Amino acid sequence: MSKIIKSMIVLLILINGISMIHFQTYSFSADPKLLFWLVPWGPSNGTYEFLIPYLPNVMVGIVFPFNTYNLGNESVSLQQALSCGNNEYWISTQISKLNTIYERSNLIFINFFLTTSHWRGYLTSVTPAQIVLLNYTLHKIANITNDGKKLVVGISEMNDLNDYGYYEVYSLIQQILPNAKLFYYTDLGQSVSSIESVFEYLQFEGITLNYLGYDVYPYPSYNYMNGVVCIPSNYVSQISELQNFANQQGINFFIGEVGFRDGDIKGYINPASTSYIEFNSTLGYNDTIHYYEDVISQLESMGVILIGIWNYNGWNGDPFGLWVNPDFNALLEYVGIKPIEIATIDVISTFPYYYINSSLYYVNKTYTIVLPANITFVKLKYLNNTARVLLASINGTFNLSSIIINKEGSYMIIANYITQYYVNVSPQVIAYINGVKEEFVSGWYNSGTQVTVIPQEIQIGKDEIYNITKAYRYTIDYPMVIEVPYVVEYYVKLNLRSIPAIINGTNSTLVSGYYPEGTDIEIPEYYYINQTARLKISASLQKFVLNSPIDVYVSETFQWLVKIVLPNGTIVGWYNNDSIISLPKVIEVNGTTYLLNETNNEVIVTGPLVLHPHYVSITTITSTSSTVTTTSQTTTLTTTSNTNTVSITVTNTSVSTFSSPTSSSQSNLTGILPILLLVVIAIIAVMIIVARR
């Protein structure tokens with residue numbers, strides 16, 4: 001049935017009513033907006049989220065009820081108030097709904113029921129417990145909505161409340177939610193003059209209501225004719241009167257609630273009742289939609305474009321009432337909201353941070369979405385400077401960040417994220433990272449990464465390295481600073497292939513190569529090969545502690561142990577290889593002269609030696625006819641071994657004979673006569689030279 005036909009029927013009903021009422025009709029550029037109220041005592045299965053795809057074409061109102069009947073009029077603590085009845089659960093449930101729909105909505109209504117144990121219309125004043133709960137809830141709402149942005153906040157059906165009670169409530173709302181607008185609506189039992197009085201009182205106190213309205217549950221019933229229902233004329237007059245007042249004040253007029261028992265063919269009779277008269281799951285649901293269409297059409301003709309939808313069965317059933325109605329889309333289409341294609345998606349993401357049609361979502365759950373839908377996952381999200389998450393795959397497909405859904409149905413979307421941590425590595429090394437040999441440097445690594453740093457040498461400068469002497473293993477499961485242990489080593493360069501040395505107190509061999517910083521190196525002056533052979537080592541640095549690269553220039557001399565047995569004792573010394581030892585020809589020991597009885601007095605050292613040179617003693621013989629004169633010259637036999645010098649004093653003796661010796665001594669003098677003769681001639685020559693002077 002078209003809107004025009006319904007409007008004509010409504011007009012006929014009004015003409016035939018008990019009293020004739022004139023009301024002005026308006027033309028509109030926009031279809032009516034529907035406001036659906038969410039109450040906390042409906043199903044807790046999240047069905048209210050089925051309304052989300054229709055946002056912002058429809059509006060949502062969230063009801064915050066308080067159970068305060070048993071708390072009396074005395075002051076109570078917040079904990080006492082929250083513990084009473086279902087207060088704490090109701091508030092947390094409704095805050096959760098506000099969190100879910102806030103970003104997706106253009107405007108949200110918040111309605112406070114100050115009491116639920118009996119009808120709030122009988123409340124004459126506000127109790128301390130109600131103020132405590134109201135204050136607590138308002139602050140919760142402020143944290144979500146930036147102090148009330150996009151909110152219209154107020155109370156409803158407070159018919160008997162005194163003026164100061166209104167002021168207490170609205171002044172507190174205005175104080176905590178300064179960015180919110182304010183509303184008040186009531187049932188048709190509160191007169192227009194009473195509502196006007198409340199508005200003017202609050203305005204005088206500096207509080208301006210932005211929305212005024214009524215709810216529509218006509219008693220005892222709607223007018224009904226030929227399957228069409230309409231608001232009785234006396235109530236139409238009352239609605240129009242308050243609407244005119246709102247227009248004069250320059251504020252918005254709306255209908256807070258319209259209600260029929262969903263699925264009841266006779267739901268227009270006593271619509272405020274919660275008892276069904278004639279429920280029919282087929283005809284009743286269809287009739288209910290038509291009844292709403294009738295009333296919406298009538299209100300639209302009166303210029304009302306914001307209409308709240310309430311279903312009293314919501315106390316015991318679905319909190320939207322109409323959402324369980326299979327013809328619900330027909331009502332939306334009636335007010336200009338085209339039927340939409342929807343799908344349900346179950347999102348499972350290890351990092352719940354994704355967009356559905358450009359709206360940001362933070363929770364993994366089942367969502368109803370409007371098609372076509374683009375589900376986009378954030379590829380990379382930094383949690384802080386040292387931790388981030390990286391999108392790995394969607395439904396097992398890598399290098400994919402979004403999914404587009406065009407067809408109705410149910411879908412499961414699984415997004416896997418990898419947590420990464422930043423690791424500072426010093427120094428940069430080669431390691432097996434999850435079994436792959438590669439550079440291990442500062443950067444981002446997946447949580448759980450296994451790193452094994454292998455032994456290695458890292459060149460950091462000329463003749464300087466870091467030496468990692470053993471393997472080190474790390475598991476990256478948090479941001480880490482890894483300083484791989486290493487030893488600084490410097491290059492020691494020798495001009496020889498190797499030399500004996502004492503390294504850190506231990507006899508060893510020094511070769512060209514790298515040694516740890518601080519190594520104590522001593523090059524001994526002598527290195528004994530065995531008891532009769534040694535090396536004499538001369539180095540540019542004989543002893544040093546390594547703290548930088550260094551060049552050491554070394555020379556080696558091979559030496560042999562030589563023993564010379566002389567008449568006056570044994571000489572022991574070290575002689576360079578191929579050196580020449582000259583033996584003394586004459587030795588005097590304790591007044592006895594010994595002559596070397598060998599033709600050659602030089603020995604070449606080519607190995608260890610024990611020398612027994614043959615010396616013959618000279619005996620002094622005296623005769624009656626001659627005198628033997630001896631002149632002695634002292635000489636020194638020196639054996640040199642660079643640092644070892646052994647000296648023996650010997651005497652070379654010359655003998656002069658002036659008379660023939662006795663026969664017994666002739667044989668002894670025969671060997672030395674030529675020498676003595678030369679000595680005598682030398683003396684005579686010296687004397688002649690002196691005499692001439």
Side-chain angles (χ1 to χ4, degrees), residues 37-42 44 61-98 109-145 147-148 151-178 180 182-187 189-190 194-195 197-209 215 256 314-315:
W37 292 102
L38 311 183
V39 291
W41 43 73
S44 58
I62 301 177
V63 177
F64 284 88
F66 303 144
N67 187 330
T68 58
Y69 182 75
N70 294 322
L71 294 175
N73 292 317
E74 301 298 327
S75 296
V76 296
S77 67
L78 173 62
Q79 192 54 52
Q80 286 175 309
L82 290 174
S83 299
C84 182
N86 295 314
N87 287 334
E88 189 166 13
Y89 169 74
W90 282 349
I91 293 171
S92 64
T93 296
Q94 299 303 78
I95 287 292
S96 175
K97 292 174 183 176
L98 178 61
F109 279 71
I110 302 292
N111 193 351
F112 289 101
F113 289 2
L114 299 185
T115 183
T116 56
S117 300
H118 61 293
W119 185 47
R120 59 192 180 279
Y122 298 143
L123 195 68
T124 58
S125 61
V126 179
T127 67
Q130 291 161 1
I131 291 295
V132 166
L133 291 170
L134 180 62
N135 180 74
Y136 171 78
T137 308
L138 286 171
H139 278 97
K140 289 278 188 181
I141 294 171
N143 291 335
I144 299 172
T145 63
D147 296 336
L151 297 186
V152 184
V153 186
I155 54 178
S156 62
E157 297 179 308
M158 304 292 288
N159 300 10
D160 295 340
L161 188 63
N162 61 39
D163 286 345
Y164 184 72
Y166 284 110
Y167 174 77
E168 283 186 281
V169 172
Y170 283 104
S171 63
L172 187 60
I173 294 173
Q174 191 175 65
Q175 174 188 342
I176 300 174
L177 301 178
L182 304 176
F183 79 83
Y184 178 73
Y185 74 85
T186 186
D187 65 7
Q190 188 171 2
S194 173
I195 300 172
S197 175
V198 170
F199 177 88
E200 291 167 351
Y201 167 77
L202 291 173
Q203 193 172 52
F204 179 79
E205 296 294 337
I207 300 170
T208 298
L209 299 177
D215 58 19
W315 286 83

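Predicted model, so just to flag it, every value in this text is computed and none were measured.
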Novice: Gln174: what forms a side chain to side chain donor-acceptor pair (under 3.5 Å) with it, not counting sequence neighbours?
Specialist: none
Novice: What residues form a side-chain contact (heavy atoms from CB on, under 4.5 Å) with Ser92, not counting sequence neighbours?
Specialist: none
Novice: Which atoms form the tightest heavy-atom contact between Leu71 and Ala81, and what is the distance?
Specialist: CD1-CA, 4.0 Å
Novice: Can you pull the side-chain hydrogen bond (donor to acceptor under 3.5 Å, both in side chains) pairs that have at least one residue in residues 75-88, sequence neighbours excluded?
Specialist: Ser77-Gln80, Gln79-Ser83
Novice: Tyr167: what forms a side chain to side chain donor-acceptor pair (under 3.5 Å) with it, not counting sequence neighbours?
Specialist: none
Novice: Using 30° and 60° as the class limits, which term best fits the ring planes of Trp37 and Phe183: parallel, tilted or perpendicular?
Specialist: tilted
Novice: Which residues pass the ring-ring contact (aromatic ring centres under 6.0 Å, His included) test with Phe64, not counting sequence neighbours?
Specialist: Phe112
Novice: Quick one: side chain to side chain donor-acceptor pair (under 3.5 Å) partners of Asn67, sequence neighbours excluded?
Specialist: Ser117
Novice: What pairs of residues pass the salt bridge (Lys or Arg N to Asp or Glu O under 4.0 Å) test when at least one of them lies in residues 112-121, not counting sequence neighbours?
Specialist: Arg120-Glu157
Novice: Output all residues satisfying side chain to side chain donor-acceptor pair (under 3.5 Å) with Thr145, sequence neighbours left out; order by chain, then residue number.
Specialist: none
Novice: For residues 201-208, which side-chain donor-acceptor pairs fall under 3.5 Å, sequence neighbours excluded?
Specialist:
none

Novice: Which residues pass the ring-ring contact (aromatic ring centres under 6.0 Å, His included) test with Tyr170, not counting sequence neighbours?
Specialist: none
Novice: Indicate yes or no for a side-chain donor-acceptor contact from Tyr166 to the backbone of Met158 under 3.5 Å, with no hydrogens or angles considered.
Specialist: yes
Novice: When the side chains of residues 129-137 are checked against the rest of the protein, which donor-acceptor pairs come out under 3.5 Å, sequence neighbours left out?
Specialist:
{"unit_1": "Gln130", "atom_1": "OE1", "unit_2": "Thr127", "atom_2": "N", "d": "3.0"}
{"unit_1": "Gln130", "atom_1": "OE1", "unit_2": "Thr127", "atom_2": "OG1", "d": "3.4"}
{"unit_1": "Gln130", "atom_1": "NE2", "unit_2": "Thr68", "atom_2": "OG1", "d": "3.0"}
{"unit_1": "Gln130", "atom_1": "NE2", "unit_2": "Leu114", "atom_2": "O", "d": "3.4"}
{"unit_1": "Thr137", "atom_1": "OG1", "unit_2": "Leu133", "atom_2": "O", "d": "2.8"}

Novice: Taking only residues two or more places apart in sequence, or in another chain, which ones meet Asp160 in a side-chain contact (heavy atoms from CB on, under 4.5 Å)?
Specialist: Tyr122, Thr124
Novice: So how far is it from Thr186 OG1 to Tyr184 OH, rounded to the nearest 0.5 Å?
Specialist: 3.5 Å
